[in-house]
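Worksheet: one structure, shown below.
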Amino acid sequence: WHNRGESADKVSASAFQSQHYTTSSCTADANGQALIVIEPNMFYNPQMGVFHSQIPARVYTKASADSALGKPLLTAKGEGQSRGWITYNVENFAQKSYQQAFDR
């Protein structure tokens, strides 16, 4: 019902760049100092008109896909919510909820 990967990617890049970190989405030849794996989840409560988001993040010391098979250096989880309606402007309300989860 919404593209959670694209929404979370935009919000995560903005959140990390606001803290002066250089970021990029994973590609086969990506280089960096760390790998951060985020798994955005979204739930909508139609009775209350609230989007609930949860973003678990795992940080690995090596910036390669193989490191994600090992134990993470750090694990964190942010939660957010945004009032809105699923019939109108879903991506905007989802991004607001993800942004709140990243800010926490």
Side-chain angles (χ1 to χ4, degrees):
W1 54 278
H2 92 100
N3 186 347
R4 66 184 181 156
E6 186 176 313
S7 294
D9 187 38
K10 288 179 187 176
V11 172
S12 65
S14 173
F16 287 119
Q17 289 170 357
S18 72
Q19 298 295 318
H20 307 291
Y21 292 107
T22 303
T23 63
S24 66
S25 294
C26 286
T27 59
D29 59 346
N31 291 318
Q33 296 175 337
L35 173 68
I36 301 173
V37 178
I38 61 171
E39 297 177 13
N41 297 307
M42 181 67 66
F43 169 74
Y44 179 69
N45 182 335
Q47 293 176 330
M48 300 298 289
V50 176
F51 291 83
H52 298 274
S53 64
Q54 187 178 70
I55 301 182
R58 295 185 312 275
V59 179
Y60 299 92
T61 55
K62 296 180 183 175
S64 69
D66 292 337
S67 69
L69 299 174
K71 185 177 178 182
L73 175 68
L74 174 73
T75 301
K77 179 172 53 173
E79 296 179 346
Q81 60 183 6
S82 174
R83 293 191 58 80
W85 305 107
I86 200 163
T87 56
Y88 174 74
N89 207 3
V90 173
E91 290 303 316
N92 181 47
F93 298 125
Q95 284 186 358
K96 285 181 181 180
S97 184
Y98 285 141
Q99 184 66 53
Q100 193 177 64
F102 266 100
D103 290 344
R104 293 184 176 185

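For Pro56 against Asn41, the heavy-atom pair with the smallest separation is CD-ND2, 4.0 Å.
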Please output the side-chain donor-acceptor pairs of residues 75-84 that fall under 3.5 Å, not counting sequence neighbours, one pair per line with the distance.
from: Glu79; atom 1: OE2; to: Gln54; atom 2: NE2; distance (Å): 3.1
from: Gln81; atom 1: OE1; to: His52; atom 2: ND1; distance (Å): 3.4
from: Arg83; atom 1: NH1; to: Met48; atom 2: O; distance (Å): 3.1
from: Arg83; atom 1: NH2; to: Met48; atom 2: O; distance (Å): 3.4

Requested in this report: Please test Tyr60 against Ile36 for side chain to side chain contact (heavy atoms under 4.5 Å, CB included), starting from the C-alpha separation and ending with a verdict.
Outcome: CA-CA 6 Å; Tyr60 299 92; Ile36 301 173; over 6 Å; no

Report task. Could you give me the CA-CA distance, side-chain angles and deciding distance for Gln100 and Ser53, then say whether side chain to side chain contact (heavy atoms under 4.5 Å, CB included) is met? Result -> CA-CA 9 Å; Gln100 193 177 64; Ser53 64; 5.9 Å; no

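Between Phe51 and Tyr44, the two ring planes are tilted [angle within 30° to 60°].
For the atom pair CD (Gln95) and CE (Met42), the distance works out to 9.5 Å, reported to the nearest 0.5 Å.
Under a hydrophobic-cluster definition in which Ile, Leu, Val, Met, Phe, Trp and Tyr are linked whenever side-chain heavy atoms come within less than 4.5 Å, directly or via other members, Ile86 and Val50 are assigned to different clusters. Side-chain heavy atoms closer than 4.5 Å link hydrophobic residues (I, L, V, M, F, W, Y) into clusters, and following such links, possibly through other members, connects Ile55 to Leu74. When hydrophobic clusters are built by joining Ile, Leu, Val, Met, Phe, Trp and Tyr residues whose side-chain heavy atoms come closer than 4.5 Å, directly or via intermediates, Val90 is grouped together with Tyr98.
Between Pro72 and Val59 there is no side-chain heavy-atom pair separated by less than 4.5 Å.
Take Asp103 and apply the side chain to side chain donor-acceptor pair (under 3.5 Å) test, not counting sequence neighbours, and it matches Gln99.
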